Amino acid sequence: MNLKLCEVTSQNVHALMEFPLRPGQERFVAPVANSIAEASVTPTAWPRAICDGDDVVGFVMANFDPDNELAAFRCGIWRLHVSADQQGRGVGRFAVEEVAREARRRGNEQMTVLWVQGDGGPEQFYLRCGLEPTGERLFGQILGARSTHTVATGTPPTRAS
């Protein structure tokens, strides 16, 4: 795999909105189109296509807002989608580690994510990535956090240069 994060552009936006999730996963994450629209009006949002070479295989949107009144929204992942046929290959873990890398570059020591619990949901994935429940719930979702210096268990795919 030759994974990299790419800016969302007119060349990849259609591919981002067309890749499928596994059946039932749509109840755990907003559609990519909604995320791209939200990013267009949120200056602190950081949307990225996850690419394997020239192929779009996922989408991640982080937020870096050091002045947000809610600590949970100062640095973290807002959305993460991995195409159904790419799940289980390390694409999501790669995206989490790249967000952590960007967060460190910006001087953040901790990152967060919110997730909905349920069968087929992302909880086990986020736990494997080192995000631990804080005991707090926001908007009915579990709040997880981890150090930006922690590396997820297992070996993430190598970063393309």
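Nothing here was measured: the structure is a model prediction, and the numbers come from that model. Any value given below was found using the heavy atoms of this structure, including those in side chains, with hydrogens, waters and symmetry copies removed. The first residue in the sequence is number 1, and the count goes up from there.
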Got a list of side-chain donor-acceptor pairs under 3.5 Å for residues 72-81, not counting sequence neighbours?
unit_1	atom_1	unit_2	atom_2	d
R74	NE	N68	O	2.7
R74	NH2	N68	O	3.2
R79	NH1	E38	OE1	3.0
R79	NH2	E38	OE1	3.1
H81	NE2	A30	O	2.8

Let me have the donor-acceptor pairs involving side chains of residues 44-60, under 3.5 Å, with sequence neighbours excluded, atom names and distances please.
unit_1	atom_1	unit_2	atom_2	d
T44	OG1	N63	OD1	2.6
D52	OD1	N2	N	2.9

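Q117 and Q141 share no side-chain donor-acceptor pair at under 3.5 Å.
Using modelled atom types, one side-chain atom of T134 and one backbone atom of L143 make a donor-acceptor pair closer than 3.5 Å. The backbone N or O of N108 sits less than 3.5 Å from a side-chain atom of T148, completing a donor-acceptor pair.
Rounding to the nearest 0.5 angstrom, the gap separating the CG atom in L138 from the CG atom in L70 is 6.5 Å.
A heavy-atom distance below 4.5 Å is found between the side chains of V113 and W115.
Take Q11 and apply the side chain to side chain donor-acceptor pair (under 3.5 Å) test, not counting sequence neighbours, and it matches T9. Residues satisfying the ring pair (Phe, Tyr, Trp, His ring centres under 6.0 Å) criterion with F28, sequence neighbours excluded, are absent altogether. Partners of E69 under the side-chain contact (heavy atoms from CB on, under 4.5 Å) rule, at least two apart in sequence or in another chain, do not exist in this structure. A search for side chain to side chain donor-acceptor pair (under 3.5 Å) contacts involving S40 returns nothing, not counting sequence neighbours.
In the hydrophobic cluster analysis, where Ile, Leu, Val, Met, Phe, Trp and Tyr join through side-chain heavy atoms closer than 4.5 angstrom, V29 is grouped apart from V116. Cluster annotation: F139 and M61 are assigned to the same hydrophobic cluster (Ile/Leu/Val/Met/Phe/Trp/Tyr, side-chain heavy-atom contacts under 4.5 Å, transitive). By the rule that hydrophobic residues join a cluster once side-chain heavy atoms approach within less than 4.5 Å of another member, I36 and V41 end up as members of separate clusters.
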List the steps, then state whether salt bridge (charged side-chain N to carboxylate O under 4.0 Å, His left out) holds for E97 with R146. CA-CA 11 Å; E97 295 308 320; R146 71 165 243 202; 2.9 Å; yes
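The residues E102 and R106 are annotated as salt-bridged, a charged nitrogen and a carboxylate oxygen being separated by less than 4.0 angstrom.
Looking at every heavy atom in both residues, G90 comes nearest to L3 through O-CD1, 4.3 Å. Taking each heavy atom of Q86 and V91 in turn, the nearest pair found is O-CG2, 4.0 Å. Here the shortest heavy-atom pairing between L5 and E98 reads CD1-CB, 3.4 Å.
Around NE2 of H149, the count of heavy atoms belonging to other residues, nucleotides or ligands within 6.0 Å exceeds 12.
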